[in-house]
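Some notes on the structure that comes next.
In listed order, ligands and their atoms are each counted from 1. Because the structure is predicted, anything quoted here is derived from the model rather than measured. Index from 1, following the sequence.
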Amino acid sequence: MTESTKNATLTIDGNSYDLPIYSPTTGPDVIDIRKLYSSAGVFTYDPGFTSTASCDSTITFIDGDKGELLHRGYPIDQLASKSHYLEVCYLLLYGALPTAAELEDFEGTITRHTMIHEQMHNFFRGFRRDAHPMATMVGVVGAMSAFYQDSSDIADPRQREIASHRMVAKMPTIAAMAYKYSIGQPFVYPRNDLDYASNFLHMCFSVPAEEYVVDPILARAMDRIFTLHADHEQNASTSTVRLASSSGANPFACIAAGIACLWGPAHGGANQACLEMLKEIGTPDRIPEYIARAKDKDDPFRLMGFGHRVYKNFDPRATVMKQSADEVLDLLGIENNPILQVAKELEAAALADPYFADKKLFPNVDFYSGIILEAMGLPTSMFTPIFAVSRTVGWISQWKEQFDDPQQKIGRPRQLYLGETERNYVDVENR
Ligand code: SDX
């Protein structure tokens, strides 16, 4: 925690309270209200945490007005074009870009943790084949503490590190197995001769009946999608992981909680919802109808993949994703993709509309990702699982950081109570 450089003064009923202000390395100052209740007997009120900093962090910074995203200070567009996902994982986990030797050692460690306990294969068979892969992932990841007791003791830094490596390494295997199970195909074991993204595609698309050779174009596109989704400050699922971890829950249970939260269509589920929306619109001539619905207060419909709590400018990930969509479809020889056409015309129409401009609603990371994933042959039900695979390193990095924070304590928000005051029980015959 930095030292306070100035104070805010709060006056309530003629009484003044000085609240320390801390300045970040970049971004808004924060007001420390931790002693407010004990000194002034009042709570602050911030449903949805629109103006609340929940922790210190050195991992990721977003400037929503500029549309900037930094991971340990490195801009996301540079990482997406010059780095690759496992190197970004190292950066998020350890705070610096690795030397060649460090990277080789880290990639070797992750590669050798990609298999899951053979007994876990039976877990999948308890689900219906038509279960959403996110349901399977929540269940299987939540059960991992039953299979990896040797890395569940959160008090042991070495066990925390092993659990971190296991999570990053095994999530693609679990996601691919959830996909294979949903389509009735046999599980495919990971291969140590393939890079992270290629291994995932191989586990998704390989079948015993014939050799599957990973297309390097698809592998690069998959790796870039992993990089773009890796971490994003204190978003809903990361905050869920931190809150679960604050009670001392084991790392696998905390990640399972993060997967559950990410599933919602307002969060990571938006990539699936967005492609389904684009398909429902179908043709550019129907765009005005959907723009009107998105603006209609009485219609719960929202443009999926649009808007963001923090970005009030372009989401820099969406910019990279849009470029990647053009590249991948072109390289795959998919010309005039009607869904991409609808997406581009919908984006243009929304950005030209005062409703979206005034509310600073721009495409977010979920607007174009589904177009690429569908072109790669993945079903919409696998879009959010892929987001979860990528975000696991962000969840784990934030989880690790929380342990190193001397201020960390169990998270326990208060409330503005609007219910009944005390009253006596009434027997049923007198009601
Ligand atoms: C992710 O937090 C993160 O960092 C998340 C994420 C990450 O990497 O972890 O970036 C990933 O979750 C991206 C967001 C994916 N969700 C969607 O694309 C779903 C559609 N978008 C929205 O539901 C919404 O924009 C949110 C949930 C993303 C943000 O909602 P906020 O910040 O709570 O904003 P709000 O709901 O208060 O909206 C402000 C106004 C409202 O109008 P008014 O009540 O002020 O008149 O803008 C309107 C909203 O009705 N609005 C939209 C809209 N998003 C907001 N109107 C139409 N379409 C939309 N998409």
Side-chain angles (χ1 to χ4, degrees), residues 46-54 57 59-65 67-71 76 80 88 92 134 225-242 258-278 281 287 289-321 343 346-347 349-351 353-371 383-384 386-395 397-398:
D46 186 11
F49 310 121
T50 52
S51 303
T52 294
S54 59
S57 184
I59 299 172
T60 291
F61 176 72
I62 301 168
D63 185 322
D65 294 327
E68 284 178 359
L69 166 58
L70 308 178
H71 288 318
I76 188 63
V88 172
L92 291 170
M134 285 295 276
I225 286 174
F226 284 148
T227 295
L228 291 173
H229 290 81
D231 189 50
H232 214 237
E233 288 191 2
Q234 306 311 316
N235 59 83
S237 54
T238 297
S239 299
T240 299
V241 171
R242 279 182 173 259
I259 296 170
C261 176
L262 185 76
W263 194 359
H267 190 14
N271 53 16
Q272 173 174 348
C274 180
L275 196 80
E276 289 164 354
M277 172 193 74
L278 293 171
I281 295 172
I287 287 173
E289 171 196 341
Y290 283 83
I291 292 276
R293 284 189 57 197
K295 294 160 61 176
D296 180 354
K297 279 273 153 270
D298 298 324
D299 188 331
F301 172 77
R302 287 193 164 181
L303 284 191
M304 302 315 284
F306 245 78
H308 198 277
R309 171 64 57 77
V310 177
Y311 290 120
K312 301 310 171 190
N313 197 327
F314 269 88
D315 179 336
R317 302 167 299 174
T319 305
V320 177
M321 202 75 81
L346 176 60
E347 176 188 356
L351 295 179
D353 188 301
Y355 172 92
F356 296 89
D358 295 347
K359 294 177 186 295
K360 297 186 178 181
L361 302 174
F362 292 86
N364 60 47
V365 69
D366 296 309
F367 191 68
Y368 285 103
S369 56
I371 292 165
F383 291 4
T384 310
I386 286 165
F387 195 149
V389 168
S390 166
R391 186 54 57 88
T392 293
V393 69
W395 291 331
S397 302
Q398 302 268 352

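Within the structure, the side-chain hydrogen bond (donor to acceptor under 3.5 Å, both in side chains) test picks out the following pairs touching residues 354-370 (sequence neighbours left out): E347-Y368. Listed by first and then second residue, the salt bridge (Lys or Arg N to Asp or Glu O under 4.0 Å) pairs that reach into residues 233-242 are R242-E401, sequence neighbours excluded. Residue pairs that meet the salt bridge (Lys or Arg N to Asp or Glu O under 4.0 Å) test with at least one member in residues 296-314, sequence neighbours left out, are R293-D299.
At least one side-chain heavy atom of L92 sits less than 4.5 Å from a side-chain heavy atom of I59.
Between F301 and Y290, the distance separating the two ring centers is shorter than 6.0 angstrom. Ring centroids of F367 and H308 are separated by 6.0 Å or more, keeping the two rings apart.
Residues with a heavy atom under 4.0 Å from ligand 1: H232, N235, P265, A266, H267, A270, A294, K297, R302, L303, M304, G305, F306, G307, H308, R309, R317, Y355, K359, L361, N364, D366, F387, R391.
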